[in-house]
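Every number for a ligand or one of its atoms is a count from 1 in the order of the listing.
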Amino acid sequence: MLQLLRDLGAQLAWQRDAGLLDTPSQGPLPVASVVAAPVPVSVSAPAPARAEPPPPAPVAVVAAPLVSAPPTVPVPMADPVLPEPVKVPPPAAVVTPIAPANFEGRAGALRVIQEEVRACRACKLAPTRTQTVFARGNPDARLCFIGEGPGADEDRTGLPFVGVAGQLLDRIIAAMRLTEDQVYIANIVKCRPPNNRVPYDEEMSACTPFLLRQLEVVKPEVIVALGKTAAGFLLEDKSTMTTMRGRWHSWKGVPVMPTWHPSYVLRVRDDPKSTARAEVWTDMKLVLERLGLPVPSPRG
Ligand code: URA
């Protein structure tokens, strides 16, 4: 019985550290700090009709500690075998160093696309945006996360996934023992749909050529499609997320893993019957395996 209680405690501790368990005592998020670097802007497209803040994308990413020195080995939530608590040093911040060899090339190509996005007024989302939202992360990343479209926080800051859904995404990335410097994050549409509605087909048609060009430049080894809008577009499949998630699909030969959108996970968090959180972790373990990266296990 004592052992059972210890095991249960260890699992709850991991879920809390990964941010997948909401507890009042939860500390600050392990979010990487992003420092804007000077941007030599070369505008290759017509100037936007109204002034926008400068582009946020070219970034120097300073990795913050992933986890605030947990005293025990983290326990992935869906694993049936629970560990003995073991004293370990904090995990290394970077699992696989990414060679900066062609950073300039990719970053430069992305900057050109970003300038076109800033100037874009091709659909009805342009007049109501504060600014366009292009991407964050590393252009050399092996792993891309694709969401749906900016919300209010993203519209205000010009960076994707910085609101509550973004904070959960950051926790998922941290639980995978990755940093923002090892992922590239973008959306299907670059302007906020009013009231956070799902983008209309014509808005997606106008905007997705930008995303396709981003992906052609970044050339990720694996794409995670967050939610039905991203999965539906990339896979040209209107199936439900229940059908699509947890299985490998392909976009132009790149493996795609659809999983639940963080906003959905947050929406159902109080439903004791929901398995969304555990399923996201199941999907992320498949992603790590596919990338040949260590999968955090019960025994670390
Ligand atoms: N939801 C998304 O799909 N993208 C964002 O950038 C933020 C919330």
Applying salt bridge (Lys or Arg N to Asp or Glu O under 4.0 Å), name anything that partners Glu289, two or more places apart in sequence or on another chain.
-> none

In terms of side-chain geometry, is the basic nitrogen of Arg129 or Asp155 positioned less than 4.0 Å from the acidic oxygen of its partner?
-> no

Measure the distance from atom 4 (N) of ligand 1 to every protein heavy atom, then report the residue, atom name and distance (to 0.1 Å) of the closest one.
-> Asn187 OD1, 2.8 Å

Is Arg290 salt-bridged to Glu221, cutoff N-O under 4.0 Å?
-> no

Checking heavy atoms under 4.0 Å, the part of Glu148 that sits near ligand 1 is both

Do any N/O atoms on Gly149 end up under 3.5 angstrom from N/O atoms on ligand 1?
-> yes

Taking the side chain as C-beta and beyond, is there a heavy-atom pair between Ser263 and Arg267 under 4.5 Å?
-> yes

If we only count N/O pairs under 3.5 Å, is Phe161 in contact with ligand 1?
-> yes

Taking only heavy atoms of His261 into account, list the atoms of ligand 1 that are under 4.0 Å away from them.
-> 1 (N), 2 (C), 3 (O)

Do the charged groups of Arg118 and Glu115 touch, with an N to O distance under 4.0 Å?
-> yes

Establish, for the pair Arg136 and Phe134, whether the NZ or CZ atom is under 6.0 angstrom from the six-membered ring centre and no further than 45 degrees off its axis.
-> no

Any atoms of ligand 1 less than 4.0 Å from a non-hydrogen atom of Gly147? List them with their elements.
-> 3 (O)

Here the atoms of ligand 1 under 4.0 Å from any heavy atom belonging to Pro160 are 6 (O)

